[in-house]
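Worksheet: one structure, shown below.
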Amino acid sequence: EDKVVQSPLSLVVHEGDTVTLNCSYEVTNFRSLLWYKQEKKAPTFLFMLTSSGIEKKSGRLSSILDKKELFSILNITATQTGDSAIYLCAVESPPTSGTYKYIFGTGTRLKVLA
Amino acid sequence: SAVISQKPSRDICQRGTSLTIQCQVDSQVTMMFWYRQQPGQSLTLIATANQGSEATYESGFVIDKFPISRPNLTFSTLTVSNMSPEDSSIYLCSVSWGISYEQYFGPGTRLTVT
């Protein structure tokens with residue numbers, strides 16, 4: 001069965017710290033992995049990764065994929081209180097019955113203290 | 001990306017009643033999905049809304065309980081039928097332009113069933 005596992009489940013840090021969030025997966029015919037930030041209701045898209053070793057970067061956030069070891073990491077440097085959120089990882093699952101879908105991990109709840 | 005709206009944003013309903021949630025996108029999209037996020041949980045895919053044909057439901061979800069319509073490439077509805085308190089969740093629609101494209105989420109509908 002396809003699955004996505006995120007760690008840690010929760011994390012409390014202080015402003016200025018650097019955090020690394022992990023996402024490992026077991027999916028046949030991997031196509032892509034997505035990272036989202038969820039603050040209230042709607043997850044906000046952060047990155048989409050399809051190739052190993054190519055870092056995606058946006059400001060203080062960066063992410064990289066390792067297709068050999070089947071995991072991805074999301075790094076946040078110089079954390080701010082506004083980074084407090086749930087970070088979700090999703091992996092594209094191969095199509096069944098003519099459609100495709102993303103499988104979501106349980107998320108990492110990050111709290112950044114002032 | 002796309003601008004996605006959902007209505008209603010929240011509702012409190014009595015058990016045994018039904019609620020229809022609408023999802024509108026500002027551009028034509030290939031794929032539309034409906035997710036449920038129960039309190040403290042990650043996202044679970046309910047179904048993929050297919051334009052012009054019946055929705056594709058995930059294991060554990062059935063059409064009688066969650067009928068879905070998708071009359072065109074910019075609009076879909078999800079009905080939660082014969083509600084019970086266990087249906088209290090955030091319901092999210094998402095859109096994508098195809099395999100290995102990013103997936104974007106609507107603002108969500110917070111449903112409470114009493």
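By convention in this document, chain letters (A, B, ...) are assigned in the order of the sequence lines, proteins followed by strands, and residues within each chain are numbered from 1.
Comparing B:Ser94, B:Gly108, B:Ser42 by how many heavy-atom pairs each has under 4.5 Å with chain A, the most go to B:Ser42.
Between the A:Thr108 side chain and the A:Ser10 main chain, no donor and acceptor come within less than 3.5 Å of each other.
Residue contact with chain B, scored on non-hydrogen atoms closer than 4.5 Å, involves the side chain of A:Tyr36 exclusively. For A:Gln38, the part sitting under 4.5 Å from any heavy atom of chain B is the side chain, from C-beta outward, and nothing else. B:Leu45 touches chain A through its side chain: at least one heavy atom from C-beta onward sits under 4.5 Å away, while N, CA, C and O do not.
Of all the heavy atoms in B:Tyr35 and B:Phe33, the pair that sits closest is CE1-CB, 3.7 Å.
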- [ ] For B:Ser89 and B:Gln37, run side-chain hydrogen bond (donor to acceptor under 3.5 Å, both in side chains): C-alpha distance rounded to whole Å, both residues' side-chain angles, the deciding distance at 0.1 Å, then the answer.
- [x] CA-CA 6 Å; B:Ser89 284; B:Gln37 188 175 30; over 6 Å; no

Open item on the list: Please evaluate residues B:Gln28 and B:Thr74 with respect to the criterion side-chain hydrogen bond (donor to acceptor under 3.5 Å, both in side chains), reporting the C-alpha separation (whole Å), side-chain torsions for both, the decisive distance (0.1 Å), and the verdict.
Closed with: CA-CA 5 Å; B:Gln28 292 185 345; B:Thr74 64; over 6 Å; no

